[in-house]
Peer 1: 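One structure is given below, represented as structure tokens, and several questions about it will come after.
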Amino acid sequence: MSIKLEIRPESDFLNVTAAGDFSLAEGKRTFLEMIKTVARHKVSKVLFDGRQLEGEPEAVERFYYGEFAANAFAESAKLGAVARSTRFAFVLEEPVLDPQRFGENVAVNRGMLVKTFDNLQGARAWLEIFPIGKPEDV
């Protein structure tokens with residue numbers, strides 16, 4: 001089964017929901033789809049809700065995904081398609097979410113502004129999407 005994305009451009013961010021079975025190939029494909037949409041809508045914030053993703057990525061897959069995402073993002077930024085200041089918040093659940101945040105660290109170490117969360121409220125606060133105290137849509 002592939003990953004199904006629902007991408008909704010909002011006023012100041014891209015709202016992405018993903019469901020399906022995680023694989024490295026599908027993760028790469030969907031990341032490129034997100035980057036294209038970020039470029040099309042000129043947003044600088046991405047809220048990725050992957051709580052409906054299933055799978056148990058191995059450490060090497062986490063490394064390759066983080067490396068791929070950072071490199072794809074950097075290439076798009078170098079071409080001027082996306083702003084270098086674009087921030088990505090990934091909301092995931094274990095075991096797709098790595099408690100050690102290995103993939104996140106790989107991407108951050110390569111210059112990407114990305115953070116993983118286990119809840120929408122934390123992700124929205126980090127992205128500064130809504131004022132503090134706004135009810136969370138769960």
Side-chain angles (χ1 to χ4, degrees):
M1 180 174 151
S2 63
I3 296 176
K4 181 181 176 196
L5 285 186
E6 181 181 332
I7 302 176
R8 296 178 311 281
E10 304 286 345
S11 61
D12 62 343
F13 72 101
L14 199 65
N15 197 346
V16 181
T17 304
D21 293 323
F22 177 85
S23 70
L24 184 56
E26 279 296 293
K28 289 178 176 182
R29 179 189 67 79
T30 57
F31 187 80
L32 290 177
E33 192 174 331
M34 281 193 310
I35 288 291
K36 288 177 187 174
T37 308
V38 167
R40 186 176 324 118
H41 293 282
K42 303 293 185 205
V43 295
S44 61
K45 301 172 187 176
V46 178
L47 176 61
F48 181 93
D49 184 351
R51 293 177 294 171
Q52 295 177 26
L53 289 174
E54 296 183 13
E56 197 165 341
E58 296 179 18
V60 69
E61 291 174 300
R62 296 178 193 283
F63 173 84
Y64 286 134
Y65 181 80
E67 179 182 57
F68 175 85
N71 290 341
F73 175 75
E75 186 63 28
S76 294
K78 185 168 36 169
L79 296 172
V82 298
R84 290 193 186 275
S85 60
T86 303
R87 292 185 292 160
F88 295 80
F90 284 78
V91 182
L92 304 166
E93 291 182 350
E94 290 185 35
V96 177
L97 173 65
D98 176 13
Q100 305 303 314
R101 307 299 201 262
F102 183 49
E104 174 188 324
N105 289 331
V106 169
V108 167
N109 288 340
R110 285 161 177 72
M112 193 172 170
L113 298 173
V114 60
K115 192 163 174 70
T116 55
F117 298 87
D118 62 4
N119 66 82
L120 279 175
Q121 186 177 11
R124 288 178 173 165
W126 185 73
L127 289 172
E128 299 174 344
I129 291 175
F130 299 116
I132 294 172
K134 177 146 181 155
E136 181 178 328
D137 179 24
V138 281

Peer 1: Hey, are the side chains of Leu113 and Thr86 touching, using non-hydrogen atoms and a 4.5 Å cut-off?
Peer 2: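 No, side chains not in contact.
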
Peer 1: Taking all non-hydrogen atoms of both residues, which atom of Val114 and which atom of Glu104 are closest, and how far apart?
Peer 2: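 That would be O-CG, 3.8 Å.
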
Peer 1: Is any side-chain heavy atom of Arg51 closer than 4.5 Å to one of Leu120?
Peer 2: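 Touching, per the 4.5 Å side-chain cut-off.
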
Peer 1: Might you point out which heavy atoms bring Ala123 and Val91 nearest each other, and give the distance in Å?
Peer 2: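 Result for this residue pair: CB-CG2, 3.5 Å.
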
Peer 1: So if you build clusters from Ile, Leu, Val, Met, Phe, Trp, Tyr with side-chain heavy-atom gaps below 4.5 Å, do Leu79 and Ile35 land together?
Peer 2: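 Result: no, two separate clusters.
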
Peer 1: Return the minimal non-hydrogen interatomic distance between Ala83 and Phe73, and the atom names on each side.
Peer 2: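 For Ala83 and Phe73, the tightest heavy-atom pair comes out as O-CZ, 3.3 Å.
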
Peer 1: Search all heavy atoms of Arg84 against all heavy atoms of Ala77 and return the closest pair with its distance.
Peer 2: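 Looks like CG-CB, 3.6 Å.
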
Peer 1: Pair Trp126, Arg87 - check side chain to side chain contact (heavy atoms under 4.5 Å, CB included), show working.
Peer 2: CA-CA 9 Å; Trp126 185 73; Arg87 292 185 292 160; 3.9 Å; yes

Peer 1: Are Glu33 and Lys36 ion-paired here, with the side-chain N under 4.0 Å from a carboxylate O?
Peer 2: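 A salt bridge is absent here (no side-chain N lies under 4.0 Å from a carboxylate O).
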
Peer 1: Between the side chain of Glu56 and the main-chain N/O of Pro95, is any donor-acceptor distance below 3.5 Å?
Peer 2: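 No; zero donor-acceptor contacts below 3.5 Å.
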
Peer 1: For Arg29 and Ile3, indicate whether the former's side chain and the latter's backbone hold a donor-acceptor pair under 3.5 Å.
Peer 2: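 Flag set: sc Arg29 to bb Ile3 pair under 3.5 Å.
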
Peer 1: For the atom pair OG (Ser11) and NE2 (His41), what is the distance rounded to the nearest 0.5 Å?
Peer 2: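 Reported to 0.5 Å precision, the distance equals 13.0 Å.
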
Peer 1: Let me confirm one number: the CG-CZ distance from Asp49 to Phe90, rounded to the nearest 0.5 Å.
Peer 2: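 Those atoms lie 11.5 Å apart.
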
Peer 1: Are any side-chain N or O atoms of Arg62 and backbone N or O atoms of Val96, one a donor and one an acceptor, separated by less than 3.5 Å?
Peer 2: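 The answer is yes, because a donor-acceptor pair under 3.5 Å joins these two groups.
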
Peer 1: Over 60° means perpendicular and under 30° means parallel, so classify the ring planes of Phe88 and Phe31, tilted if in between.
Peer 2: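 Rings of Phe31 and Phe88: tilted, 30 to 60°.
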
Peer 1: Can you tell if the side chain of Phe48 reaches within under 4.5 Å of the side chain of Leu92, non-hydrogen atoms only?
Peer 2: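 Yes, their side chains come closer than 4.5 Å.
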
Peer 1: Between Leu97 and Phe117, what is the shortest heavy-atom contact and its length?
Peer 2: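 Residues Leu97 and Phe117, closest heavy atoms: CD2-O, 4.1 Å.
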
Peer 1: Around atom CD of Glu10, are there more than 12 heavy atoms from other residues, nucleotides or ligands closer than 6.0 Å?
Peer 2: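 For Glu10, atom CD is crowded (more than 12 foreign heavy atoms under 6.0 Å).
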
Peer 1: Could you measure the distance from the NZ atom of Lys4 to the CG atom of Leu53? Nearest 0.5 Å is fine.
Peer 2: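 Here the interatomic distance stands at 13.0 Å.
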
Peer 1: From the options Val82, Leu32, Asn71, Val38, select the one residue that forms a side chain to side chain contact (heavy atoms under 4.5 Å, CB included) with Ser76.
Peer 2: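 Only one of Val82, Leu32, Asn71, Val38 forms a side chain to side chain contact (heavy atoms under 4.5 Å, CB included) with Ser76, namely Val82.
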
Peer 1: So how far is it from Leu47 CG to Ile129 CD1, rounded to the nearest 0.5 Å?
Peer 2: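 That separation rounds to 5.0 Å.
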
Peer 1: In sequence, state the C-alpha distance, the side-chain angles, and the governing distance for Lys45 and Glu128, and then conclude on side chain to side chain contact (heavy atoms under 4.5 Å, CB included).
Peer 2: CA-CA 9 Å; Lys45 301 172 187 176; Glu128 299 174 344; 4.3 Å; yes

Peer 1: Mind listing the closest non-hydrogen atom pair of Glu26 and Ser2 along with its distance?
Peer 2: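 Distance-wise, the nearest heavy atoms are OE1-CB, 3.1 Å.
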
Peer 1: Donor-acceptor pair, Glu61 side chain versus Glu58 backbone, under 3.5 Å?
Peer 2: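 It does hold such a pair.
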
Peer 1: Within the structure provided, determine whether Asp118 and Glu94 are in side-chain contact (heavy-atom separation under 4.5 Å).
Peer 2: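 No. Closest side-chain heavy atoms not under 4.5 Å.
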
Peer 1: Applying side chain to side chain contact (heavy atoms under 4.5 Å, CB included) between Thr37 and each of Leu14, Val16, Val46, Leu5, report the one that passes.
Peer 2: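 For Thr37, the side chain to side chain contact (heavy atoms under 4.5 Å, CB included) check succeeds only for Leu14.
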
Peer 1: Classify the ring geometry of Phe22 against Tyr65: parallel below 30°, tilted from 30° to 60°, perpendicular beyond 60°.
Peer 2: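 Perpendicular: the ring planes of Phe22 and Tyr65 meet at over 60°.
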
